[in-house]
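None of the values given here were measured: they were computed from a predicted structure. Just so you know, these numbers use all the heavy atoms, side chains as well, and skip hydrogens, waters and symmetry mates. Proteins come first, then strands; the chains are lettered A, B, ... in the order of their sequence lines, and each starts at number 1.
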Amino acid sequence: ETGVTQTPRHLVMGMTNKKSLKCEQHLGHNAMYWYKQSAKKPLELMFVYSLEERVENNSVPSRFSPECPNSSHLFLHLHTLQPEDSALYLCASSHGDRPQFFGPGTRLTVL
Amino acid sequence: GESVGLHLPTLSVQEGDNSIINCAYSNSASDYFIWYKQESGKGPQFIIDIRSNMDKRQGQRVTVLLNKTVKHLSLQIAATQPGDSAVYFCAGYTSGTYKYIFGTGTRLKVLA
């Protein structure tokens, strides 16, 4: 494993549910990222936190709400999602201008 | 607009042969490039990186070549093995922006 863990690994939820994805990095990095990976599409950057401050928000719908309580933990709160939000959600971390390291992802299915 | 793309969606190679995966980028401000490998059911795994002040970098069985003139980079895998079967994609990064731009990926299939 890369030192970035994500839970749960799989999640099935209805459109009216509220759930949260969790990411934890054990690498001492100072930036954390949420990406969405859909079939046959490039990785889409959703949010970036640097030193626990949000520095990037790529026009993501408000039904996705990130939270970064400290430099090691990152959450993605989900509510009233749509079926088209079904995808692999990847968390990554980095330090300065060094490569990102990714977690294994959460496979999300919205019914 | 900004993009990082791959020339071929699928590449099939014989075990033991060399593989070459190509990537084109459009953002001239990109100064750092990374190749990732993603196996089924896993997150992307870092393979090798290169900064824009270099044109070649070698790792274990892998080499990345960067041609800034034509905005092209490639990943060469020597003596391809079955364990190399995965999706490979490149990412371009501009220092200080926190923004990595990823290609769609090339699926490498290693034939026995």
Side-chain angles (χ1 to χ4, degrees), chain A residues 1-10 21 23-25 27 29-59 66 68 74 87-107, chain B residues 1-10 21 23-27 29-54 57 59 62 64 73 75 86-107:
Chain A
E1 290 298 328
T2 61
V4 180
T5 58
Q6 290 186 244
T7 55
R9 295 293 308 276
H10 300 272
L21 309 184
C23 176
E24 185 173 358
Q25 60 99 358
L27 301 169
H29 290 170
N30 59 6
M32 297 186 76
Y33 309 73
W34 279 118
Y35 287 92
K36 177 183 179 181
Q37 187 176 39
S38 305
K40 299 182 180 179
K41 287 186 178 179
L43 282 172
E44 300 172 54
L45 178 64
M46 300 176 72
F47 301 105
V48 183
Y49 278 81
S50 175
L51 299 174
E52 301 148 44
E53 288 191 21
R54 192 188 308 181
V55 296
E56 193 78 35
N57 177 351
N58 267 10
S59 302
C68 187
L74 185 66
L88 182 68
Y89 287 85
L90 289 162
C91 173
S93 69
S94 68
H95 194 87
D97 286 348
R98 300 292 292 165
Q100 292 180 321
F101 287 87
F102 287 85
T106 295
R107 174 66 63 186
Chain B
E2 298 178 51
S3 68
V4 177
L6 293 164
H7 291 182
L8 296 172
T10 303
I21 301 171
C23 183
Y25 65 96
S26 61
N27 185 0
S30 295
D31 56 5
Y32 178 52
F33 302 90
I34 308 168
W35 280 101
Y36 288 95
K37 171 186 180 183
Q38 188 172 21
E39 297 175 276
S40 181
K42 296 185 178 180
Q45 177 186 359
F46 170 84
I47 302 174
I48 192 168
D49 57 359
I50 188 168
R51 299 207 176 265
S52 59
N53 60 353
M54 303 172 68
R57 190 161 188 226
V62 294
V64 55
L73 68 159
L75 176 70
V87 174
Y88 291 81
F89 52 88
C90 63
Y93 174 77
T94 304
S95 296
T97 65
Y98 298 101
K99 190 172 288 188
Y100 293 79
I101 302 172
F102 292 83
T104 50
T106 291
R107 182 171 299 281

Next on the checklist: So B:Q38 and A:L88, do their side chains get closer than 4.5 Å, heavy atoms only?
Outcome noted: yes
Item to check | Validation row: B:Y100, A:L43 side chains within 4.5 angstrom (heavy atoms) | outcome: no
Determine the minimum heavy-atom distance between [X] and [Y], stating which atoms define it.
X	Y	value
A:L90	B:G43	CD2-CA, 3.9 Å
B:Y93	A:G96	OH-O, 4.4 Å
A:Q100	B:Y36	O-OH, 2.9 Å

Next on the checklist: Could you work out, with side-chain contact (heavy atoms from CB on, under 4.5 Å) as the rule, every residue matching A:S50, not counting sequence neighbours?
Outcome noted: A:V55, B:Y98
Checklist outcome for this item: Sorted by chain and number, sequence neighbours left out, side-chain contact (heavy atoms from CB on, under 4.5 Å) with B:E39 holds for B:K37, B:K42, B:Q45, B:A86
Checklist entry - Quick one: of A:E44, A:R98, A:Q6, A:K41, who has the most non-hydrogen atom pairs under 4.5 Å with chain B? => result A:R98
Checklist outcome for this item: Given B:S95, B:G41, B:G96, the one with more heavy-atom pairs under 4.5 angstrom with chain A than any other is B:S95
